[in-house]
2 protein chains.
Amino acid sequence: MQKCTKCHQVDGVIKAGFIRGNQRFFCKICSQHFILENAFKSDLKKNGQSTITDVANALGVSISTVSRALNDKSDINPDTKKAILQAAMELDYRPNLLAQSLHKGKTNTIGVIIPDVEHPFFAKVLAGIQQVANSSCFRIIVCHSNESKSAEILNTETLIDCRVDGLIISHSKETTSFEHIKKIIDKGIPVVQFDRIITELNTHNVMHQDYKGSFDLVEHLILQGCERIAIMSGPQEMYICKQRLEGYKAAFQKYGREINEEYIVHSNIAKKDCLDVFDYFMSLEYPPDGIFTILNRNGVEMMKIAKERGIRIPQEIAFAGFGDDILAEYFEPSLTVFNHFPPAIGQEVMKVLIRLIENKTHFPAYNHFIEGELVVRQSSQKGGYIK
Amino acid sequence: MQKCTKCHQVDGVIKAGFIRGNQRFFCKICSQHFILENAFKSDLKKNGQSTITDVANALGVSISTVSRALNDKSDINPDTKKAILQAAMELDYRPNLLAQSLHKGKTNTIGVIIPDVEHPFFAKVLAGIQQVANSSCFRIIVCHSNESKSAEILNTETLIDCRVDGLIISHSKETTSFEHIKKIIDKGIPVVQFDRIITELNTHNVMHQDYKGSFDLVEHLILQGCERIAIMSGPQEMYICKQRLEGYKAAFQKYGREINEEYIVHSNIAKKDCLDVFDYFMSLEYPPDGIFTILNRNGVEMMKIAKERGIRIPQEIAFAGFGDDILAEYFEPSLTVFNHFPPAIGQEVMKVLIRLIENKTHFPAYNHFIEGELVVRQSSQKGGYIK
DNA sequence: ATAGCTATCGGAAAGGTTTCCGCAAAGCTT
DNA sequence: AAGCTTTGCGGAAACCTTTCCGATAGCTAT
């Protein structure tokens with residue numbers, strides 16, 4: 001039988017059930033329960049990173065003293081402090097941000113959810129966000145929803161679990177509801193939306209001039225002499241699409257033109273949609289002589305199709321698109337666009353969020369607009385008047 | 001005077017100095033020190049996120065039981081478990097990843113350092129990394145070095161502080177030394193390099209076929225009939241530049257051509273360098289009739305300059321560039337390139353890293369190559385032989 | 001009834017920090 | 001020398017989890 005671990009007798013020991021797979025014993029003599037020790041207990045701790053405790057042990061001081069030295073607190077002897085700093089350096093001590101964040105209840109990390117990094121617009125916004133974040137000592141965690149609503153929801157959960165101090169989001173094309181964002185707001189986490197926003201949420205939003213940009217572009221096409229201007233818009237529920245369509249209509253109105261619904265198409269603004277939309281436009285009794293695409297790349301794609309068919313740009317059809325891009329600039333003919341300055345959007349988003357995080361007193365939600373500018377290029381210059 | 005907090009007498013109490021701004025007292029009767037209580041102690045905890053303790057309190061069970069329920073452990077009554085899960089749902093409980101990671105000593109997070117998100121190559125690699133990371137339940141933190149060595153070093157420190165489980169890096173143009181990476185390796189954190197690697201480090205690297213790709217492109221130009229092929233290369237110390245230059249030379253060798261150093265330029269591969277390099281080429285006694293740029297965008301930029309000067313492409317000068325891109329495809333003339341499949345690189349990088357993290361038994365370092373392919377387009381088709 | 005078990009749960013430690021509070025010794029003032 | 005003050009440091013709690021171990025009540029088979 002087994003020897004008791006306490007009184008070291010054998011006689012009184014009886015089996016006393018199993019516990020988590022281990023035989024359990026009971027010693028009737030000293031009336032204690034025990035199980036067989038697991039002998040080797042994984043002695044392979046010490047994962048290479050030294051801690052505040054290591055520094056304290058190295059000098060024979062307490063961890064509180066080390067902490068005070070490291071954090072530049074008072075109540076410490078200058079000599080002690082110097083010694084601690086020296087030891088920390090030698091041990092290559094680096095603070096454990098996990099422990100710090102856990103203790104402080106804040107992580108200095110903000111989450112960013114974007115639909116697609118490969119999209120140059122989002123890449124540039126991201127660069128703007130990064131820039132401001134760096135100079136304010138915030139880290140960012142970037143998640144991609146890949147234009148999927150379920151992925152977006154998963155992303156929000158991940159970021160909550162990471163205890164980010166704030167969230168920046170531009171929604172996927174699929175996203176029309178907003179409970180997942182509501183949940184974050186309810187937890188008291190500041191949220192800033194940009195570009196693809198959901199207006200029902202009472203958050204701060206950073207926007208480009210969708211309305212004005214579209215207006216300017218369409219006005220430009222009108223002044224260039226286009227008679228029938230078509231628009232390739234995006235999903236109907238998307239706020240930016242609505243705004244851009246409004247801008248389109250407003251320009252028509254200003255010049256006393258009638259709006260013909262035949263020339264308005266709602267698509268999924270994907271590359272592959274362009275061919276269908278273009279074919280549709282060409283199938284009309286009076287095909288357009290000007291096409292405005294809500295997305296610059298759609299404009300380039302359509303121009304490519306038009307070129308292949310021998311259509312002269314801008315003489316037969318003029319083109320204009322929203323948002324600038326190297327492709328818009330280098331393509332031949334180059335595309336007239338409204339540049340909405342993506343990096344400025346990123347910077348502003350981050351600045352607003354930081355203000356929100358630091359002034360816990362949530363100032364009233366507000367739409368921030370970044371001013372853009374019309375960039376006239378070859379695709380639209382019919383020789384008409386340039387404003 | 002003050003009443004003692006213990007014996008409630010007044011007589012024996014004397015002042016006993018200040019401590020952190022508060023008056024301190026000493027009671028001679030019960031010989032204890034005390035200070036005046038601060039009365040209101042900030043009751044405003046509860047930052048909105050419920051914890052395992054909240055769930056436990058809601059049901060009157062212990063936190064260990066809640067933990068077992070949440071983590072699908074045995075040793076729990078199914079009814080209890082159901083109740084706990086229900087309560088957790090109602091309280092919108094989400095585990096605190098900080099606490100989990102701190103406890104487990106691993107974060108399931110990996111750090112990625114890239115020089116520039118706006119560069120389409122890196123954006124695509126990033127997308128590949130994300131994809132594999134998502135399906136393996138790893139989070140990623142992306143840092144941008146912005147082509148600066150000091151920023152890169154800062155990034156590595158940040159990521160160490162976050163206790164990432166592994167690191168993926170492509171170095172900045174400035175980075176030629178490697179102590180900062182060595183330090184990470186010494187801490188036992190797995191590192192995988194890609195694209196811009198430092199060969200002195202004994203890490204796993206994921207590469208494209210720099211040598212073969214260059215060879216193929218240059219061979220293609222030779223077969224098309226180019227007599228004087230120039231190369232715009234990058235910083236001399238960069239490994240990929242060396243490799244691409246080697247490929248260029250190897251093609252020359254295969255066809256018995258002599259290498260003329262005049263046609264080899266090392267630049268900083270920035271957009272603004274293209275004009276100078278092109279001017280230099282044109283200033284030669286016998287200007288090149290074929291230009292190979294190590295970076296596809298440099299090729300496009302040069303073609304743009306050439307077009308502006310009325311040079312016919314490819315008749316007078318043929319062009320080829322390394323790496324595919326929407327601009328290379330859409331520009332007119334479209335650019336012949338070697339496509340190195342950036343997303344595949346990202347996927348492979350992440351897969352290798354995960355293997356490294358999970359098999360702690362570090363298998364020997366190894367260079368992983370992603371196969372690319374030659375994409376022949378207008379910029380090089382002089383009518384010669386296409387392999 | 002009792003020896004031997006099982007099922008279920010609670011307590012506590014550990015992970016790395018920061019910070020509150022207390023203590024001792026030394027210094028200063030009458 | 002007694003009373004008061006300052007300096008410098010250590011102990012311990014708290015942040016939120018997970019997990020090891022111990023405990024108890026009730027069950028089964030003799």
Side-chain angles (χ1 to χ4, degrees), chain A residues 14-20 22-26 28 32-35 37-38 41 45 47 49-56 59-71 73-81 84 93-107 161 163, chain B residues 14-26 28 32-35 37-38 41 45 47 49-56 59-71 73-81 84 93-106 161 163:
Chain A
I14 56 171
K15 287 188 181 175
F18 279 88
I19 189 157
R20 272 169 300 271
N22 296 321
Q23 179 60 260
R24 188 169 168 240
F25 299 92
F26 178 71
K28 286 188 285 190
Q32 79 142 343
H33 285 274
F34 63 92
I35 62 169
E37 277 307 329
N38 237 11
K41 260 282 162 170
K45 281 287 166 58
N47 63 352
Q49 305 274 62
S50 44
T51 73
I52 212 174
T53 311
D54 296 328
V55 179
L59 291 171
V61 298
S62 76
I63 59 165
S64 16
T65 305
V66 176
S67 178
R68 273 191 298 264
L70 260 23
N71 294 349
K73 290 280 158 74
S74 57
D75 264 21
I76 187 162
N77 186 317
D79 292 337
T80 316
K81 183 167 170 178
I84 288 174
Y93 168 79
R94 302 246 80 215
N96 186 324
L97 249 33
L98 295 170
Q100 274 184 340
S101 301
L102 179 62
H103 181 83
K104 294 191 187 162
K106 59 180 299 230
T107 53
D161 295 354
R163 297 302 192 266
Chain B
I14 56 171
K15 287 188 183 176
F18 279 88
I19 189 159
R20 272 169 296 273
N22 295 319
Q23 179 61 258
R24 187 169 169 241
F25 299 92
F26 179 71
K28 285 189 284 191
Q32 79 142 343
H33 285 275
F34 63 92
I35 62 168
E37 277 307 328
N38 235 12
K41 259 282 159 163
K45 280 289 167 59
N47 63 352
Q49 304 274 62
S50 43
T51 72
I52 213 175
T53 310
D54 296 327
V55 179
L59 291 171
V61 297
S62 76
I63 58 165
S64 15
T65 305
V66 176
S67 179
R68 274 191 297 265
L70 259 23
N71 294 350
K73 289 280 158 73
S74 55
D75 265 21
I76 187 161
N77 185 318
D79 292 338
T80 314
K81 183 168 171 178
I84 289 174
Y93 168 78
R94 302 248 79 215
N96 185 324
L97 249 34
L98 295 169
Q100 276 184 341
S101 300
L102 180 60
H103 182 83
K104 295 191 186 164
K106 56 181 299 231
D161 296 353
R163 298 301 194 263

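We name chains A, B, ... by the order of the sequence lines, and we start the count at 1 in each one. Atoms considered below: every heavy atom in the structure, side chains included; atoms not considered: hydrogens, waters and symmetry mates.
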Quiz item: Shortest non-hydrogen contact from A/Ser50 to A/Asp54?
Solution: CA-OD2, 3.1 Å
Quiz item: Nearest-Å distance, CZ (A/Arg68) to C1' (D/dG8)?
Solution: 7 Å
Quiz item: How close or far is atom P of C/dA7 from atom NZ of B/Lys81, stated in whole angstroms?
Solution: 15 Å
Quiz item: Want to settle it: does A/Asn71 or B/Ser62 sit nearer the 5' end of DNA chain C, counting the closest nucleotide to each?
Solution: B/Ser62
Self-check item: Nearest-angstrom distance from the residue atom CG of A/Asp75 to P of C/dG22
Solution: 14 Å
Quiz prompt | Presence of A/Thr51 side-chain N/O under 4.0 Å of C/dG16 phosphate oxygens OP1/OP2 | solution = no
Quiz item: Distance check: side-chain N/O of A/Gln100 vs OP1/OP2 of C/dT18, anything under 4.0 Å?
Solution: yes
Quiz item: Rounding to a whole Å, what distance do you find between A/Ile76:CD1 and C/dT18:P?
Solution: 13 Å
Quiz item: What's the closest nucleotide to the A/Thr80 side chain, out of C/dC9, C/dG16, D/dG8?
Solution: D/dG8
Quiz item: Taking C-beta and beyond as the side chain, do A/Asp75 and A/Arg68 meet within less than 4.5 Å on heavy atoms?
Solution: yes
Exercise. Could you tell me the separation between the CG atom of B/Leu98 and the C1' atom of D/dA14, rounded to a whole number of Å?
Key: 15 Å
Exercise. Could you check how far CG of A/Asp54 sits from C1' of C/dT17, rounded to whole Å?
Key: 14 Å
Practice problem: Using atom CD1 of B/Ile52 as one end and atom C1' of C/dG10 as the other, report the distance to the nearest whole Å. | Solution: 13 Å
Exercise. Take atom CD1 of B/Ile63 and atom C1' of D/dA14, then tell me their distance rounded to the nearest Å.
Key: 13 Å
Exercise. Report yes if at least one side-chain N or O of B/Ser74 is closer than 4.0 Å to OP1 or OP2 of C/dA7; otherwise report no.
Key: no
Quiz item: Between the main-chain N or O of B/Leu98 and the side-chain N or O of B/Asn96, is there a donor-acceptor pair closer than 3.5 Å?
Solution: yes
Quiz prompt | C/dG15 OP1/OP2 closer than 4.0 Å to side-chain N/O of B/Lys104 | solution = no
Practice problem: Indicate the atoms forming the closest heavy-atom contact of A/Ile52 with A/Tyr93, along with that distance. | Solution: N-CE1, 3.4 Å
Exercise. Record whether the side chain of A/Ser64 comes under 3.5 Å of the base of D/dG11 through a donor-acceptor pair of N or O atoms.
Key: yes
Self-check item: side-chain N/O A/Ser67 vs C/dT18 OP1/OP2, d < 4.0 Å
Solution: yes
Quiz item: Does a side-chain N or O from B/Thr65 land closer than 4.0 Å to OP1 or OP2 of C/dC9, or not?
Solution: no
Quiz item: Taking for each residue the nucleotide of DNA chain C bearing the nearest heavy atom, is the 5' side occupied by A/Lys73 or by A/Ala99?
Solution: A/Ala99
Quiz item: Looking at the side chain of B/His103, which of C/dG10, D/dT18, C/dT18 is the nearest nucleotide?
Solution: D/dT18
Practice problem: Using a cut-off of strictly less than 4.0 Å, decide whether B/Asn96 has a side-chain nitrogen or oxygen near OP1 or OP2 of D/dC15. | Solution: no
Quiz item: Of all heavy-atom pairs between B/Thr80 and B/Thr65, which one has the smallest distance, and what is that distance?
Solution: CG2-CG2, 4.1 Å
